[in-house]
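Sequence lines set the chain letters: A, B, ... in the order given, protein chains first and strands last, and positions in each chain run from 1.
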Amino acid sequence: MTSGGIRYEPPADVAEALRVQEELRSRVDLVGPGPTAPTTVAGLDVAYAESGDRLAAAVTVLDAATLAVVDEAVVVGRPAFRYVPGLFAFREMPALLAALDRLTVRPELLVCDGHGLAHPRRFGLACHLGLVTGLPAIGVGKTPLVGEWAEPGPERGAWTPLRDGGEVVGRVLRTRDEVRPVFVSVGHRMSLANAADRVLALTPRYRLPETTRTADRLCRQALAAALA
DNA sequence: GCGACAG
DNA sequence: ATCTTGTCGC
């Protein structure tokens, strides 16, 4: 049980969701620095049915050194909120927490498929998940939501700051040579530099972290099985 | 008012 | 997110 059996009620509407973000944002730990050599790292991802009314949320826990999957859990359910940019977390949170609850191993770090601080109100999915579970968390987005940046160098490891409203909210990080960069931001209890290091440690071969790749495969197959 | 907008 | 044809390359 990773979330400690945390209860999580989705908001009734957009106004309430905004109030919840406003209330929780101040409780995010932006100091970190978080684990530099974690033993286990979890990846979280969600797959949706084309009808849009069903989803599968998966969590995979990897041995941080070998990147082998040591635990996993997946739940099929319904989106808890309609998709609204900036309120994305409310959609997947209940299912992801349910999946986390089914883990046997409590991971030392959560790698989320979406942003953390790189969010219009500095409270993206990674912040929300980290805060609710109490675990260190980072966000790895495939496309930007907010901010401006300069193109990082072409080699793996190159990065540039992602800035929004004058503040650095993340890093645009190249995880593979000559491949489109990813957007890394702090979720909870992590420093930005450590978050970027952890992402590089999870991307020995592909653009996206192994954690999100394994979670992605798991939720897709679970959704297909559930719909069959 | 118009366009942008994680997954 | 999901749909979707072809295409380039290991």
Rounding to 0.5 Å, atoms CG (A:Leu96) and CG (A:Leu125) come to a distance of 6.5 Å
**Message:** Does B:dG7 have its OP1 or OP2 closer than 4.0 Å to a side-chain nitrogen or oxygen of A:Lys142?
**Reply:** yes
Practice item. Would you indicate what A:Pro144 reaches in the nucleic acid, counting non-hydrogen atoms under 4.0 angstrom: base, sugar-phosphate, or nothing? Key: sugar-phosphate
A:Tyr83 OH to B:dA4 P, in whole Å, measures 14 Å
- Task: Scan A:Gly139 against the nucleic acid and name what it touches under 4.0 Å (heavy atoms): base, sugar-phosphate only, or nothing.
- Result: nothing
Rounded to whole Å, CG of A:Leu145 lies from C1' of B:dG3 at a distance of 15 Å
Among C:dT2, B:dC5, B:dG7, the one nearest any side-chain atom of A:Glu50 is C:dT2
A:Arg91 CZ to B:dC5 P, in whole Å, measures 18 Å
Whole-Å distance, A:His119 NE2 to B:dG7 C1', equals 12 Å
N or O in side chain of A:Thr143 less than 4.0 angstrom from B:dG7 OP1/OP2: yes
Carefully, step by step, assess A:Phe90 and A:His128 under the rule ring pair (Phe, Tyr, Trp, His ring centres under 6.0 Å).
-> CA-CA 9 Å; A:Phe90 295 101; A:His128 212 142; 5.2 Å; yes
In whole angstroms, the gap separating P of B:dG7 from CZ of A:Arg220 amounts to 13 Å
Using centres under 5.5 Å plus planes under 30 degrees as the test, is A:Tyr48 stacked with B:dG7?
no
Touch check for A:Ala47, heavy atoms < 4.0 angstrom, all strands: base, sugar-phosphate only, or nothing?
sugar-phosphate
A:Asp45 has its side chain closest, among C:dT2, B:dG7, B:dC5, to B:dG7
**Message:** Closer than 3.5 angstrom, by distance alone: can the side chain of A:His188 be matched with the main-chain N or O of A:Gly116 as a donor-acceptor pair?
**Reply:** no
Winner on side-chain proximity to A:Phe88, out of B:dG7, B:dC5, C:dT2, is B:dG7
With a sphere of 6.0 Å drawn around CD of A:Glu151, does it hold more than 12 non-hydrogen atoms of other residues, nucleotides or ligands? yes
Whole-Å distance, A:Arg78 CZ to B:dG7 P, equals 24 Å
A:Leu44 CG to C:dA1 C1', in whole Å, measures 16 Å
Quick one: label A:Leu223 by what it contacts on the DNA or RNA (base, sugar-phosphate, nothing), any heavy atom closer than 4.0 Å. nothing
- prompt: With sugar-phosphate meaning primed atoms plus P, OP1 and OP2, does A:Leu55 contact a base, only sugar-phosphate, or nothing at under 4.0 Å between heavy atoms?
  reply: nothing
To the nearest angstrom, the CZ-C1' distance between A:Arg82 and B:dA6 comes to 15 Å
| Any donor-acceptor pair under 3.5 Å from A:Arg54 side chain to A:Tyr48 backbone | no
